[in-house]
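Just so you know, these numbers come straight off a predicted model, no measurement behind them. Keep in mind that the numbers below use all heavy atoms, side chains included, and drop hydrogens, waters and symmetry copies.
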Number of protein chains: 2
Amino acid sequence: MDSIDKAIIAILQRDSSTPVSEIADSVGLSATPCWRRIKKLEEEGVITKRVALVDRHRLNLRLTAFISVRTAHHSEAWLTKFAESVRRIPEIVELHRMSGDTDYLMKVVCPDMVRFDKVYKKLISVAEFSDVKSSFSMEDLKSTTELPLDYI
Amino acid sequence: MDSIDKAIIAILQRDSSTPVSEIADSVGLSATPCWRRIKKLEEEGVITKRVALVDRHRLNLRLTAFISVRTAHHSEAWLTKFAESVRRIPEIVELHRMSGDTDYLMKVVCPDMVRFDKVYKKLISVAEFSDVKSSFSMEDLKSTTELPLDYI
DNA sequence: GCTGAAACCAGGTAACC
DNA sequence: GGTTACCTGGTTTCAGC
(Lines give C-alpha, C1' and ligand atoms only; values in the text may rest on other atoms or scores of the structure.)
Protein backbone atom coordinates (compact mmCIF):
# COMPACT_ATOMS: atom_id res chain seq x y z
CA MET A 1 0.00 0.00 0.00
CA ASP A 2 1.75 3.14 -1.25
CA SER A 3 0.96 6.84 -1.19
CA ILE A 4 -1.36 6.53 -4.18
CA ASP A 5 -3.49 3.90 -2.44
CA LYS A 6 -3.49 6.13 0.60
CA ALA A 7 -4.73 9.06 -1.49
CA ILE A 8 -7.44 6.87 -3.01
CA ILE A 9 -8.60 5.71 0.42
CA ALA A 10 -8.65 9.31 1.65
CA ILE A 11 -11.02 10.27 -1.14
CA LEU A 12 -13.30 7.25 -0.77
CA GLN A 13 -13.49 7.63 3.01
CA ARG A 14 -14.78 11.15 2.43
CA ASP A 15 -17.09 10.46 -0.51
CA SER A 16 -17.45 7.03 -2.04
CA SER A 17 -19.62 8.35 -4.86
CA THR A 18 -16.63 10.13 -6.41
CA PRO A 19 -16.26 8.87 -10.01
CA VAL A 20 -13.18 6.74 -10.68
CA SER A 21 -12.08 9.16 -13.40
CA GLU A 22 -12.07 12.02 -10.89
CA ILE A 23 -10.13 9.98 -8.33
CA ALA A 24 -7.69 9.04 -11.10
CA ASP A 25 -7.11 12.72 -11.89
CA SER A 26 -6.54 13.56 -8.24
CA VAL A 27 -3.95 10.85 -7.73
CA GLY A 28 -2.27 11.35 -11.12
CA LEU A 29 -3.30 8.10 -12.77
CA SER A 30 -5.60 7.18 -15.60
CA ALA A 31 -8.95 5.55 -14.92
CA THR A 32 -8.03 1.90 -15.50
CA PRO A 33 -5.07 1.49 -13.12
CA CYS A 34 -6.91 3.60 -10.56
CA TRP A 35 -9.97 1.38 -10.85
CA ARG A 36 -7.76 -1.72 -10.46
CA ARG A 37 -6.25 -0.31 -7.27
CA ILE A 38 -9.71 0.36 -5.84
CA LYS A 39 -10.81 -3.16 -6.77
CA LYS A 40 -7.70 -4.57 -5.10
CA LEU A 41 -8.27 -2.55 -1.93
CA GLU A 42 -11.78 -4.00 -1.80
CA GLU A 43 -10.66 -7.57 -2.50
CA GLU A 44 -7.89 -7.38 0.08
CA GLY A 45 -10.37 -6.17 2.67
CA VAL A 46 -8.81 -2.75 3.22
CA ILE A 47 -12.06 -1.19 2.07
CA THR A 48 -14.66 -3.32 3.85
CA LYS A 49 -17.88 -1.81 2.59
CA ARG A 50 -19.57 1.22 1.12
CA VAL A 51 -22.43 2.63 3.11
CA ALA A 52 -24.83 5.56 3.18
CA LEU A 53 -24.61 7.67 6.32
CA VAL A 54 -27.88 8.96 7.64
CA ASP A 55 -28.66 12.07 9.71
CA ARG A 56 -29.65 10.61 13.06
CA HIS A 57 -31.88 13.59 13.86
CA ARG A 58 -33.95 12.83 10.79
CA LEU A 59 -34.43 9.32 12.15
CA ASN A 60 -35.60 10.75 15.49
CA LEU A 61 -32.45 9.60 17.24
CA ARG A 62 -31.74 12.68 19.32
CA LEU A 63 -30.31 10.96 22.37
CA THR A 64 -26.81 9.50 22.46
CA ALA A 65 -25.80 7.67 25.61
CA PHE A 66 -22.94 5.59 26.90
CA ILE A 67 -23.57 2.65 29.19
CA SER A 68 -20.68 1.17 31.11
CA VAL A 69 -21.21 -2.08 32.94
CA ARG A 70 -19.40 -4.45 35.25
CA THR A 71 -20.20 -8.13 35.46
CA ALA A 72 -19.38 -11.08 37.66
CA HIS A 73 -19.25 -13.38 34.66
CA HIS A 74 -15.96 -13.60 32.84
CA SER A 75 -16.15 -16.78 30.82
CA GLU A 76 -15.69 -16.90 27.06
CA ALA A 77 -19.13 -18.45 26.71
CA TRP A 78 -20.78 -15.60 28.62
CA LEU A 79 -18.98 -13.01 26.51
CA THR A 80 -20.03 -14.68 23.25
CA LYS A 81 -23.65 -14.89 24.31
CA PHE A 82 -23.65 -11.33 25.63
CA ALA A 83 -22.05 -9.90 22.47
CA GLU A 84 -24.52 -11.82 20.32
CA SER A 85 -27.45 -10.42 22.29
CA VAL A 86 -26.14 -6.88 22.00
CA ARG A 87 -25.65 -7.26 18.25
CA ARG A 88 -29.38 -7.90 18.03
CA ILE A 89 -30.21 -4.60 19.76
CA PRO A 90 -30.11 -2.00 16.96
CA GLU A 91 -30.02 0.97 19.35
CA ILE A 92 -26.66 -0.22 20.69
CA VAL A 93 -24.28 0.77 17.92
CA GLU A 94 -21.01 0.02 19.71
CA LEU A 95 -19.83 -2.52 22.25
CA HIS A 96 -16.30 -2.56 23.62
CA ARG A 97 -14.72 -4.91 26.11
CA MET A 98 -12.70 -2.56 28.25
CA SER A 99 -9.69 -2.61 30.50
CA GLY A 100 -9.83 -0.97 33.91
CA ASP A 101 -12.87 -0.06 36.01
CA THR A 102 -15.61 -1.04 33.60
CA ASP A 103 -15.91 -4.35 31.81
CA TYR A 104 -17.98 -3.23 28.83
CA LEU A 105 -18.77 0.11 27.27
CA MET A 106 -21.70 0.62 24.92
CA LYS A 107 -22.85 3.49 22.77
CA VAL A 108 -26.59 3.85 22.41
CA VAL A 109 -28.71 5.97 20.08
CA CYS A 110 -32.44 6.42 20.60
CA PRO A 111 -35.13 9.12 20.47
CA ASP A 112 -35.45 10.09 24.14
CA MET A 113 -35.15 9.04 27.78
CA VAL A 114 -38.32 6.95 27.65
CA ARG A 115 -36.93 4.89 24.78
CA PHE A 116 -33.51 4.82 26.42
CA ASP A 117 -35.05 3.21 29.48
CA LYS A 118 -36.58 0.54 27.24
CA VAL A 119 -33.18 -0.21 25.72
CA TYR A 120 -31.72 -0.27 29.22
CA LYS A 121 -34.34 -2.78 30.35
CA LYS A 122 -33.76 -4.89 27.26
CA LEU A 123 -30.05 -4.86 28.04
CA ILE A 124 -30.37 -5.95 31.67
CA SER A 125 -32.78 -8.65 30.54
CA VAL A 126 -30.19 -10.30 28.29
CA ALA A 127 -27.34 -10.38 30.83
CA GLU A 128 -26.56 -9.97 34.53
CA PHE A 129 -24.46 -7.02 35.62
CA SER A 130 -23.02 -6.12 38.99
CA ASP A 131 -22.90 -2.42 38.12
CA VAL A 132 -24.39 -0.24 35.38
CA LYS A 133 -23.65 3.44 34.75
CA SER A 134 -25.21 5.61 32.08
CA SER A 135 -23.93 8.94 30.83
CA PHE A 136 -25.45 11.16 28.21
CA SER A 137 -24.13 13.19 25.32
CA MET A 138 -25.48 16.74 25.33
CA GLU A 139 -23.82 17.72 22.08
CA ASP A 140 -22.13 15.88 19.27
CA LEU A 141 -19.08 18.01 18.50
CA LYS A 142 -17.26 15.57 16.25
CA SER A 143 -18.26 12.26 14.77
CA THR A 144 -16.54 10.82 11.74
CA THR A 145 -16.02 7.51 9.97
CA GLU A 146 -12.79 8.84 8.44
CA LEU A 147 -9.82 7.07 9.96
CA PRO A 148 -6.33 8.58 10.07
CA LEU A 149 -4.09 7.36 7.24
CA ASP A 150 -0.85 8.55 8.79
CA TYR A 151 0.25 5.13 10.00
CA ILE A 152 0.46 3.21 6.73
CA MET B 1 -41.02 9.35 4.89
CA ASP B 2 -42.97 6.11 4.55
CA SER B 3 -42.14 2.43 4.87
CA ILE B 4 -40.69 2.31 1.35
CA ASP B 5 -38.22 5.10 2.13
CA LYS B 6 -37.39 3.25 5.34
CA ALA B 7 -36.70 0.06 3.38
CA ILE B 8 -34.51 1.99 0.94
CA ILE B 9 -32.50 3.55 3.78
CA ALA B 10 -32.09 0.14 5.41
CA ILE B 11 -30.52 -1.22 2.23
CA LEU B 12 -28.26 1.79 1.60
CA GLN B 13 -27.08 1.88 5.23
CA ARG B 14 -25.94 -1.70 4.77
CA ASP B 15 -24.49 -1.41 1.27
CA SER B 16 -24.61 1.79 -0.73
CA SER B 17 -23.21 0.09 -3.81
CA THR B 18 -26.46 -1.82 -4.29
CA PRO B 19 -27.77 -1.01 -7.80
CA VAL B 20 -30.95 1.07 -7.89
CA SER B 21 -32.69 -1.66 -9.91
CA GLU B 22 -31.99 -4.18 -7.15
CA ILE B 23 -33.22 -1.81 -4.46
CA ALA B 24 -36.31 -1.17 -6.59
CA ASP B 25 -37.03 -4.90 -6.75
CA SER B 26 -36.63 -5.28 -2.98
CA VAL B 27 -39.06 -2.49 -2.17
CA GLY B 28 -41.53 -3.37 -4.94
CA LEU B 29 -40.99 -0.38 -7.19
CA SER B 30 -39.53 0.14 -10.63
CA ALA B 31 -36.11 1.72 -10.99
CA THR B 32 -37.01 5.34 -11.75
CA PRO B 33 -39.40 6.10 -8.87
CA CYS B 34 -37.01 4.30 -6.57
CA TRP B 35 -34.13 6.41 -7.84
CA ARG B 36 -36.26 9.54 -7.36
CA ARG B 37 -36.86 8.60 -3.72
CA ILE B 38 -33.14 8.08 -3.14
CA LYS B 39 -32.39 11.44 -4.76
CA LYS B 40 -35.00 13.10 -2.53
CA LEU B 41 -33.58 11.48 0.62
CA GLU B 42 -30.18 12.87 -0.35
CA GLU B 43 -31.50 16.34 -1.19
CA GLU B 44 -33.50 16.53 2.03
CA GLY B 45 -30.41 15.60 4.03
CA VAL B 46 -31.72 12.29 5.37
CA ILE B 47 -28.87 10.54 3.60
CA THR B 48 -25.93 12.83 4.35
CA LYS B 49 -23.14 11.12 2.47
CA ARG B 50 -21.85 7.91 0.98
CA VAL B 51 -18.54 6.71 2.30
CA ALA B 52 -16.16 3.78 2.11
CA LEU B 53 -15.50 2.08 5.43
CA VAL B 54 -11.97 0.90 5.99
CA ASP B 55 -10.62 -1.94 8.15
CA ARG B 56 -8.80 -0.09 10.93
CA HIS B 57 -6.40 -2.99 11.48
CA ARG B 58 -5.24 -2.63 7.88
CA LEU B 59 -4.47 1.00 8.64
CA ASN B 60 -2.43 -0.01 11.69
CA LEU B 61 -5.04 1.37 14.07
CA ARG B 62 -5.12 -1.39 16.64
CA LEU B 63 -5.74 0.73 19.71
CA THR B 64 -9.12 2.25 20.53
CA ALA B 65 -9.29 4.48 23.59
CA PHE B 66 -11.76 6.76 25.30
CA ILE B 67 -10.60 9.95 26.96
CA SER B 68 -12.89 11.72 29.39
CA VAL B 69 -11.95 15.17 30.58
CA ARG B 70 -13.13 17.84 32.96
CA THR B 71 -12.37 21.49 32.48
CA ALA B 72 -12.64 24.72 34.45
CA HIS B 73 -13.59 26.65 31.32
CA HIS B 74 -17.26 26.67 30.42
CA SER B 75 -17.66 29.56 28.03
CA GLU B 76 -19.09 29.22 24.55
CA ALA B 77 -15.86 30.66 23.10
CA TRP B 78 -13.73 28.07 24.86
CA LEU B 79 -15.98 25.22 23.64
CA THR B 80 -15.85 26.46 20.05
CA LYS B 81 -12.09 26.74 20.06
CA PHE B 82 -11.67 23.38 21.78
CA ALA B 83 -14.03 21.59 19.37
CA GLU B 84 -12.24 23.17 16.42
CA SER B 85 -8.87 21.98 17.71
CA VAL B 86 -10.15 18.45 18.23
CA ARG B 87 -11.63 18.37 14.72
CA ARG B 88 -8.10 18.90 13.44
CA ILE B 89 -6.78 15.83 15.29
CA PRO B 90 -7.57 12.91 12.96
CA GLU B 91 -6.97 10.27 15.65
CA ILE B 92 -9.89 11.67 17.67
CA VAL B 93 -12.89 10.38 15.76
CA GLU B 94 -15.59 11.41 18.25
CA LEU B 95 -16.11 14.27 20.66
CA HIS B 96 -19.14 14.54 22.90
CA ARG B 97 -20.06 17.22 25.41
CA MET B 98 -21.40 15.19 28.29
CA SER B 99 -23.72 15.58 31.23
CA GLY B 100 -22.63 14.38 34.65
CA ASP B 101 -19.15 13.70 35.98
CA THR B 102 -17.16 14.30 32.82
CA ASP B 103 -17.41 17.36 30.60
CA TYR B 104 -16.17 15.84 27.35
CA LEU B 105 -15.77 12.31 26.08
CA MET B 106 -13.54 11.46 23.12
CA LYS B 107 -12.96 8.31 21.13
CA VAL B 108 -9.43 7.85 19.84
CA VAL B 109 -7.96 5.42 17.31
CA CYS B 110 -4.21 4.98 16.88
CA PRO B 111 -1.61 2.24 16.39
CA ASP B 112 -0.33 1.73 19.95
CA MET B 113 0.34 3.25 23.38
CA VAL B 114 3.31 5.27 22.16
CA ARG B 115 1.17 6.97 19.51
CA PHE B 116 -1.68 7.29 21.97
CA ASP B 117 0.58 9.24 24.28
CA LYS B 118 1.41 11.58 21.40
CA VAL B 119 -2.28 12.19 20.76
CA TYR B 120 -2.76 12.72 24.49
CA LYS B 121 0.02 15.30 24.55
CA LYS B 122 -1.39 17.01 21.48
CA LEU B 123 -4.76 17.14 23.21
CA ILE B 124 -3.52 18.67 26.46
CA SER B 125 -1.53 21.17 24.40
CA VAL B 126 -4.65 22.57 22.73
CA ALA B 127 -6.73 23.04 25.89
CA GLU B 128 -6.50 23.10 29.68
CA PHE B 129 -8.19 20.36 31.64
CA SER B 130 -8.68 19.90 35.36
CA ASP B 131 -8.96 16.13 35.02
CA VAL B 132 -8.22 13.60 32.30
CA LYS B 133 -9.04 9.88 32.36
CA SER B 134 -8.20 7.36 29.66
CA SER B 135 -9.69 3.92 29.23
CA PHE B 136 -8.89 1.35 26.61
CA SER B 137 -10.88 -1.00 24.45
CA MET B 138 -9.52 -4.53 24.55
CA GLU B 139 -11.96 -5.89 22.00
CA ASP B 140 -14.37 -4.37 19.53
CA LEU B 141 -17.47 -6.54 19.86
CA LYS B 142 -19.85 -4.38 17.89
CA SER B 143 -19.35 -1.30 15.80
CA THR B 144 -21.82 -0.23 13.17
CA THR B 145 -22.84 2.85 11.20
CA GLU B 146 -26.33 1.38 10.75
CA LEU B 147 -28.82 3.38 12.76
CA PRO B 148 -32.13 1.95 13.97
CA LEU B 149 -35.04 2.86 11.71
CA ASP B 150 -37.76 1.93 14.17
CA TYR B 151 -38.57 5.50 15.20
CA ILE B 152 -39.64 7.00 11.88
C1' DG C 1 4.27 -6.49 -15.89
C1' DC C 2 2.18 -2.36 -15.46
C1' DT C 3 0.00 1.79 -17.86
C1' DG C 4 -3.22 3.92 -20.59
C1' DA C 5 -6.38 4.32 -24.89
C1' DA C 6 -10.32 2.82 -26.65
C1' DA C 7 -14.33 -0.12 -26.99
C1' DC C 8 -18.09 -1.99 -24.42
C1' DC C 9 -21.77 -2.54 -21.40
C1' DA C 10 -24.27 -1.87 -17.00
C1' DG C 11 -26.59 1.25 -14.48
C1' DG C 12 -27.76 6.05 -13.37
C1' DT C 13 -30.57 9.87 -15.17
C1' DA C 14 -34.13 12.39 -17.84
C1' DA C 15 -38.32 12.92 -20.63
C1' DC C 16 -42.66 11.45 -21.20
C1' DC C 17 -46.86 8.92 -20.23
C1' DG D 1 -45.41 5.54 -10.19
C1' DG D 2 -44.10 3.28 -14.70
C1' DT D 3 -41.99 2.96 -19.56
C1' DT D 4 -38.69 4.10 -22.68
C1' DA D 5 -34.68 6.13 -24.25
C1' DC D 6 -30.29 8.25 -23.31
C1' DC D 7 -25.85 8.93 -21.69
C1' DT D 8 -22.49 8.95 -17.96
C1' DG D 9 -19.32 6.18 -15.84
C1' DG D 10 -17.80 1.43 -14.51
C1' DT D 11 -15.52 -2.59 -16.63
C1' DT D 12 -12.90 -5.28 -20.12
C1' DT D 13 -9.78 -5.75 -23.80
C1' DC D 14 -5.80 -4.84 -26.00
C1' DA D 15 -1.73 -2.37 -27.61
C1' DG D 16 2.42 0.04 -25.99
C1' DC D 17 5.95 1.17 -22.80
Side-chain angles (χ1 to χ4, degrees), chain A residues 1-61 143-152, chain B residues 1-60 144-152:
Chain A
M1 188 148 41
D2 58 11
S3 68
I4 295 178
D5 281 341
K6 212 165 120 170
I8 291 171
I9 296 169
I11 294 167
L12 290 176
Q13 274 202 128
R14 214 169 291 260
D15 182 5
S16 66
S17 65
T18 315
V20 177
S21 58
E22 199 178 306
I23 301 171
D25 278 351
S26 299
V27 304
L29 235 58
S30 75
T32 308
C34 182
W35 175 81
R36 270 198 289 255
R37 278 170 182 264
I38 295 168
K39 203 72 190 297
K40 196 150 172 270
L41 289 168
E42 283 168 345
E43 277 164 9
E44 285 174 349
V46 179
I47 293 171
T48 52
K49 57 198 302 207
R50 288 156 181 263
V51 301
L53 299 183
V54 177
D55 182 350
R56 64 188 178 82
H57 291 93
R58 303 298 298 270
L59 301 184
N60 275 316
L61 301 167
S143 187
T144 182
T145 56
E146 282 178 49
L147 301 178
L149 304 173
D150 304 320
Y151 306 107
I152 44 171
Chain B
M1 187 148 42
D2 58 12
S3 68
I4 294 178
D5 281 341
K6 213 165 118 171
I8 291 171
I9 295 168
I11 293 167
L12 289 175
Q13 276 202 125
R14 213 168 292 258
D15 181 6
S16 67
S17 64
T18 315
V20 177
S21 58
E22 200 177 305
I23 301 170
D25 278 351
S26 299
V27 304
L29 234 59
S30 74
T32 305
C34 182
W35 175 81
R36 273 197 290 253
R37 277 170 180 264
I38 295 170
K39 203 71 189 299
K40 197 149 173 271
L41 289 168
E42 282 167 345
E43 277 164 8
E44 285 174 348
V46 178
I47 292 172
T48 53
K49 58 198 305 206
R50 287 156 182 263
V51 300
L53 299 183
V54 177
D55 182 349
R56 65 188 177 82
H57 291 95
R58 303 299 297 269
L59 301 183
N60 274 315
T144 182
T145 56
E146 282 179 50
L147 301 178
L149 304 173
D150 304 320
Y151 306 108
I152 45 174

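Interatomic distance, CG of A:Leu41 versus CD1 of A:Ile8, reported as 6.5 Å (0.5 Å rounding). Here A:Asp15 contributes atom CG and A:Ile23 contributes atom CD1; the two are 8.5 Å apart, rounded to the nearest 0.5 Å. To the nearest 0.5 Å, atoms CD1 (B:Ile9) and CD1 (B:Ile38) are separated by 10.0 Å. For the atom pair A:Ile11 CD1 and A:Gln13 CD, the distance stands at 11.0 Å (nearest 0.5 Å). Taking OG1 of A:Thr48 as the reference point, atom CZ of B:Arg56 lies at 11.5 Å (rounded to 0.5 Å).
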Dump the pairs, protein N or O against N or O of nucleotides 7-9 of chain C, anything under 3.5 Å, distances to one decimal.
none

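With a cutoff of under 4.0 Å to any heavy atom of chain A, the contacted region of DNA chain D is bounded 5' to 3' by D:dG10 to D:dT13.
Scored by the side-chain hydrogen bond (donor to acceptor under 3.5 Å, both in side chains) test, A:Thr18 finds no partners at all (sequence neighbours excluded).
Applying the salt bridge (Lys or Arg N to Asp or Glu O under 4.0 Å) test to pairs two or more places apart or on separate chains, those with a residue in residues 26-40 of chain A are A:Asp2-A:Arg37, A:Asp5-A:Arg37, A:Lys40-A:Glu44. Applying the side chain to side chain donor-acceptor pair (under 3.5 Å) rule to pairs touching residues 21-33 of chain B yields nothing, sequence neighbours excluded.
Within the 4.5 Å cutoff, the side chain of B:Arg58 has no heavy atoms near those of the A:Ile47 side chain.
Rounding to whole angstrom units, CZ of residue A:Arg50 and P of C:dG12 are separated by 13 Å.
Residues of residues 14-22 of chain B having a heavy atom closer than 4.0 Å to DNA chain C, listed by number: B:Pro19, B:Val20. Listed by residue number, there are no residues of residues 4-11 of chain A with a heavy-atom contact under 4.0 Å to DNA chain D. Only B:Leu29, B:Ser30, B:Thr32, B:Pro33, B:Arg36, B:Arg37, listed by number, bring a heavy atom of residues 29-41 of chain B to less than 4.0 angstrom from any atom of DNA chain D.
Scanning all heavy atoms of the two residues, the minimum distance from A:Gly45 to B:Asp55 falls at O-CB, 3.4 Å. Between A:Ala52 and B:Ser16, the shortest heavy-atom distance links the atoms N-CB, 3.6 Å.
No side-chain donor-acceptor contact under 3.5 Å links A:Arg50 to the backbone of B:Ser17.
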Side-chain polar contacts of residues 143-152 of chain A - donor-acceptor pairs under 3.5 angstrom, sequence neighbours left out - could you list them?
from: A:Thr144; atom 1: OG1; to: A:Glu146; atom 2: N; distance (Å): 2.9
from: A:Glu146; atom 1: OE1; to: A:Arg14; atom 2: NH2; distance (Å): 3.4
from: A:Tyr151; atom 1: OH; to: B:Glu91; atom 2: OE2; distance (Å): 2.4

